[in-house]
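Since the model is a prediction, treat every value here as computed from it, not as a measurement.
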Amino acid sequence: MASSTPFNQGILICPTTHIDWDWVFTFDQYYASNNQALGSNNGRDTVQNIFNAAGALFAKRIGFTFSVTEVGFLQRYARDNPGGIAIFAAAGADFCLMGGGVTSPDNLVSNGELFIRNYLVGRTWAKQVGLAGNLYDSAWLPDDFGHDPQLPVVLNAMGLTTAGLSRVPGSPQGSPGAAPINPVGPSIAAQLNANGLVFQWQAGDGSSITALYMPDTYGTVGYLSAGNISSNAQTVNQFVHQYKTGWPNGLRFIPVGIDFATPSVTNGSGQQWSWLDVTDSYNKLYGSENGVRGTTGTWKTYMDAVLMGPGTLPVNAPLNAQNYWTGYFASRPELKTNQYAAARALMSAEVISAILRTSSSYAASSLDALDSTIWNGWEVIAPSTHHDFVTGTSPDNVYQGEQLPLSRQGVSVATDVLSQGMDKLAQGISAKPQADEIPVVVCNTLGFDRALGLLAEVSHPPEDDRFRRVQSVRGRKGLLPIQRAANGSILFTADPPSVGYETVYLSTQAPPGPIATATSPVGDTVTLSNDLISATLSKAAGWGISQLSFGVDGKTHTLFASGGVGNQLRFYNDSGNIYQFGNEPYASSSPPVYGTFSQSMSATFVGGDARWLEQGPLRYRLQAVVTEQHSGHTFTLEYSLVAGERFLRMKLTGASPSGMSVVVAFPMVGDSGTVPTTLSYGTPHFQQDVLPVPNWPGPTFVATHDYVVPCVQQGSQPVGGIYHRGIPAWTLDSEGVLLGVVLRNTPGGGRGASGSDSGTHHQEYLLAPPVYVGGTPRLVTPLKDALSVTTRLEARLITGGEGGALAETASLGRVTATNAGTPVEEQDVMIRVARVQAPGAAGGYPTGCGTTSGAIPSSLVVRTEKRNSNATQLTVQLPFLGNSSTAETQAVTALEAPLASLTAVPARTQTLTVDSPHALASLRIAWCRTQGG
């Protein structure tokens with residue numbers, strides 16, 4: 001998208017509008033009718049009218065420019081007015097799609113893969129309707145309530161080059177009093193104002209992007225004044241005088257148009273004004289006086305001028321702006337767990353689709369239909385990334401009426417298509433059962449060979465008598481015992497390969513040797529143990545973990561401080577709101593005003609009835625009731641321990657009292673009783689070992705993904721860990737106890753939207769001892785470990801005989817880390833299937849494939865991911881390439897834009913080398929697929 005408006009000095013006035021997917025109103029209300037849409041004479045309107053006004057201005061060809069982000073609303077507008085989309089496309093560089101995502105996404109609590117898909121889904125549609133030339137490779141994130149310090153990892157991998165930010169600690173539109181209190185220092189906003197408003201933002205893997213911090217919100221001039229345009233010009237002039245420093249080469253940026261701002265208004269005399277008139281008015285009234293002229297342009301116009309200008313930009317590495325607001329890390333927890341579940345299920349479905357596409361003889365039309373359904377799943381769940389959706393920062397009516405139903409629909413679509421893929425896989429395998437055996441396919445949808453999470457579960461028809469006689473399972477390790485789960489399904493262990501599957505056989509034969517099953521009654525204490533760990537649960541401690549011991553090199557270690565109780569329930573009095581915990585700066589004042597976030601010392605949790613759900617030999621499950629005696633609130637705790645795993649699985653079910661946060665506490669310590677001082681945790685795309693400087697007294701929670709590991713020192717000496725499925729809010733308290741907020745119900749207001757959440761929720765998390773290497777606890781593969789136990793093996797009965805012609809065992813591929821070709825030690829390195837593309841996908845045609853050859857062109861995008869790794873290269877093994885006569889590869893962005901030309905893969909080669917300077921890299925593989933051969 002070439003810029004048509006020159007800009008090389010003065011101030012760039014950028015007309016835009018901020019259109020939330022939903023917030024205090026639903027998507028449809030914002031689009032067509034809501035009581036805040038005051039019409040074209042008040043500067044704020046419906047999205048439909050905003051786009052109509054923009055189209056009318058473009059049609060006049062008067063030099064109007066417009067920059068918008070939310071493609072989801074454009075899709076809705078296109079249904080009503082296809083011609084309007086053509087007008088936007090014809091505007092060329094004057095209409096700037098900033099990023100092209102379905103919505104403007106949250107980047108702290110959103111699932112990392114879904115953050116990418118939000119942009120991929122939106123940009124794919126934009127290209128299909130002719131808006132490719134309007135797309136600008138940028139992340140416009142001005143309304144995110146804090147930022148992942150490692151965000152450049154994914155933006156760089158996506159091929160995005162710039163980012164626009166507005167909300168950082170200390171910025172005007174939230175908590176300007178939020179500044180470091182220990183040690184005392186200037187806020188991040190103050191630092192950026194002093195050191196450079198445009199800067200190179202660098203992540204821990206060396207990735208970087210160019211970012212702009214907008215010092216006076218993302219809409220300095222909020223709305224056009226139909227009665228007095230000169231008042232808008234005066235606001236521009238105030239900005240020029242107030243923000244004089246920090247601009248590269250003196251080039252200043254002022255966004256005009258805030259929430260649902262229309263680009264034109266009509267005054268009482270019927271005269272129409274637009275943002276162009278504001279620029280003209282400013283230049284006439286103040287431009288000569290200031291010596292700073294204004295130019296109307298797009299976000300791209302400004303950043304192009306900066307990037308092409310002389311000089312170097314300051315570097316921020318990292319930008320620790322994750323604690324702008326933090327209460328939303330825990331608000332509306334079902335939105336977060338649903339998003340995680342949907343994204344994981346869709347990723348698993350794509351793995352199965354890729355296996356079928358590369359290894360089966362299913363017709364392309366059948367596989368295309370499966371892929372289309374998967375794509376629909378991403379379309380359904382993508383809006384949940386919005387910064388007022390997954391964050392839980394909408395009022396009850398929007399949460400109950402739109403967000404929760406759409407979120408649950410996303411889970412339903414995702415799990416259904418995963419089930420469809422598994423059924424197709426099971427139907428296509430040519431199994432070879434012996435007499436009285438029942439074949440089962442077990443699929444590992446993770447991009448590495450599992451060492452953990454090897455328990456599989458398969459359901460069966462209750463009326464089929466064959467399953468009553470099953471005693472074992474036959475696999476590569478011979479006959480192994482099975483277990484009947486509480487729900488009647490069959491549990492067994494399996495070890496399918498990386499992004500692959502294996503066929504095992506349920507057998508009526510008894511497994512060799514005795515089967516050790518420990519049965520014990522439930523008393524005041526209960527112990528769950530296997531060969532690796534032992535956990536004692538105490539009724540007197542509200543069914544918390546009174547002791548957890550584990551063995552290392554023949555020695556027994558304990559995880560908790562003496563007398564400490566793990567998974568201890570606590571109530572915290574929380575005077576905050578759906579955005580903020582109570583101890584965060586509430587009002588925009590200096591000094592800041594704080595509320596309350598402190599443990600309720602009067603809350604007493606009493607252990608009630610407990611019962612065994614399962615008692616081995618493969619899994620032990622205990623369910624217990626806990627009641628807070630003053631409020632009467634009841635919670636259900638469930639613990640499970642799997643044979644051969646060094647994790648204790650936990651599940652909490654319950655609801656939060658009003659004005660409270662429900663917290664689980666883990667007092668983990670090192671071998672000598674050393675208390676942890678910091679955390680290492682997963683971000684959406686990388687790992688983070690630096691905690692934000694506290695801006696308020698009391699705990700500061702961080703948004704964690706997949707795992708959180710308390711450490712004695714920064715990035716080293718772990719004392720244990722928590723693995724979770726979408727429970728972001730974790731921190732260390734002043735005594736080094738790990739706290740996690742699992743439920744929250746804070747109806748306080750003050751941030752534009754208020755909300756309560758008295759619903760019952762289910763939260764699942766796991767407790768793990770540290771990993772020892774050479775007698776020392778180390779951070780080794782926390783992401784692999786977390787994914788292994790939060791992403792289950794998929795298992796289905798094999799019905800067979802429906803034309804898939806699949807082998808009993810197969811793998812799409814695996815990746816290993818290397819330095820100059822030499823393998824390095826086990827690290828967090830994996831591959832992910834990004835998308836299977838149907839024939840005709842852009843960039844997906846091998847040059848040697850065409851209709852005359854009898855083959856069908858196919859394309860697959862995979863991503864390599866490395867965390868906590870010093871590897872410079874990755875070796876990717878894709879066995880199906882060895883059977884393909886024609887195949888090509890090319891480096892692409894995570895948004896599938898080519899970075900190089902397609903390169904032929906030598907015949908019968910199945911190993912590719914990928915240069916890996918950064919954490920994420922993407923690769924397209926195109927090959928010729930012949931059905932039945």
Side-chain angles (χ1 to χ4, degrees), residues 11-25 27 29-58 62 64-74 76-77 84 88 91 94-98 103-104 140-143 164 166-167 172-173 214 216-236 238-239 253-267 271-282 294 296-299 302 386-388 752:
I11 184 168
L12 192 288
I13 296 174
C14 178
T16 183
T17 189
H18 184 78
I19 45 179
D20 295 301
W21 173 276
D22 54 17
W23 179 34
V24 296
F25 294 102
F27 178 90
Q29 288 172 324
Y30 275 134
Y31 177 74
S33 175
N34 66 82
N35 61 22
Q36 288 184 354
L38 303 177
S40 64
N41 60 334
N42 289 94
R44 183 182 179 114
D45 215 331
T46 63
V47 176
Q48 180 176 230
N49 288 338
I50 289 169
F51 285 157
N52 283 336
L57 288 169
F58 281 131
I62 54 177
F64 171 70
T65 71
F66 205 37
S67 300
V68 298
T69 304
E70 297 83 357
V71 163
F73 276 112
L74 278 174
R76 178 67 179 84
Y77 185 67
F88 290 142
D94 288 337
F95 179 60
C96 177
L97 276 177
M98 301 180 288
T103 188
S104 173
W140 183 255
L141 307 169
D143 205 19
S166 180
R167 293 187 187 269
Q173 76 263 44
M214 289 167 267
D216 188 33
T217 82
Y218 55 85
T220 295
V221 183
Y223 301 101
L224 283 166
S225 172
N228 185 10
I229 283 293
S230 63
S231 66
N232 293 149
Q234 184 179 13
T235 303
V236 175
Q238 291 170 351
F239 177 91
F253 179 83
I254 178 168
V256 293
I258 203 161
D259 295 6
F260 300 94
T262 183
S264 66
V265 294
T266 304
N267 65 19
Q271 187 174 10
Q272 189 179 67
W273 301 101
S274 77
W275 292 115
L276 292 173
D277 296 292
V278 174
T279 303
D280 290 342
S281 179
Y282 165 78
T296 305
T298 67
W299 166 235
Y302 178 79
H386 174 59
H387 56 266
D388 283 307

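- When all heavy atoms of Ser281 and Ser230 are compared, the pair lying nearest together is OG-CA, 3.7 Å.
- Using a 4.5 Å heavy-atom threshold, the side chains of Gln271 and Trp273 count as touching.
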Salt bridge (Lys or Arg N to Asp or Glu O under 4.0 Å) between Asp143 and Arg167, worked out: CA-CA 6 Å; Asp143 205 19; Arg167 293 187 187 269; 2.6 Å; yes
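- With no hydrogens or angles considered, no side-chain donor-acceptor pair links Thr217 and Ser166 at under 3.5 Å.
- Here the CZ atom belonging to Phe253 is positioned 12.5 Å from the CG atom belonging to Asp216, to the nearest 0.5 angstrom.
- When all heavy atoms are compared, the tightest approach of Trp21 to Gly72 is CZ3-CA, 4.1 Å.
- Here the side chains of Phe27 and Arg76 are in contact, with some heavy-atom distance below 4.5 Å.
- Expressed to the nearest 0.5 Å, how far CG of Leu38 lies from OG1 of Thr262 amounts to 11.5 Å.
- Between Phe260 and Tyr30, the angle of the ring planes stays under 30°, which puts this pair in the parallel group of the 30/60° scheme.
- Using cut-offs of 30° and 60° for the angle between ring planes, the His18 and Tyr218 rings count as tilted.
- The aromatic rings of Phe95 and Phe88 lie parallel to each other, their planes meeting at an angle below 30°, with 60° marking the opposite boundary.
- Taking both residues in full, the closest heavy atoms of Met214 and Pro142 are given as CE-CB, 3.9 Å, listed atom of the first, atom of the second, then distance.
- With contacts defined as side-chain heavy-atom distances shorter than 4.5 Å, the pair Phe239/Ile11 qualifies.
- Asn42 and Tyr223 get closest at one heavy-atom pair: O-CB, 4.4 Å.
- Closest of all the heavy-atom pairs between Gln272 and Ser264 is NE2-OG, 3.7 Å.
- Remark: side-chain polar atoms of Thr65 are paired, donor with acceptor, to backbone N or O of Gly297 under 3.5 angstrom.
- Atom CE of Met98 is separated from atom SG of Cys14 by 6.5 Å, given to the nearest 0.5 angstrom.
- The aromatic ring centroids of Phe66 and Phe58 lie 6.0 Å or more from each other.
- Taking 4.5 Å as the limit, some side-chain heavy atom of Ile254 sits within range of a side-chain heavy atom of Val236.
- Rounded to the nearest 0.5 Å, atoms OG1 (Thr103) and CG (Asp22) are 8.0 Å apart.
- Neither side chain, Tyr31 nor Asn49, offers a donor N or O lying under 3.5 Å from an acceptor on the other.
- Interatomic distance, CG of Asn232 versus OG1 of Thr220, reported as 12.0 Å (0.5 Å rounding).
- Taking OG1 of Thr235 as the reference point, atom OH of Tyr282 lies at 12.5 Å (rounded to 0.5 Å).
- For the pair Ala226 and Thr266, the tightest heavy-atom approach, listed with the atom from each and the gap, is CB-O, 3.7 Å.
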Candidate pair Thr69 and Ser104, rule side chain to side chain donor-acceptor pair (under 3.5 Å), full reasoning: CA-CA 6 Å; Thr69 304; Ser104 173; 5.6 Å; no
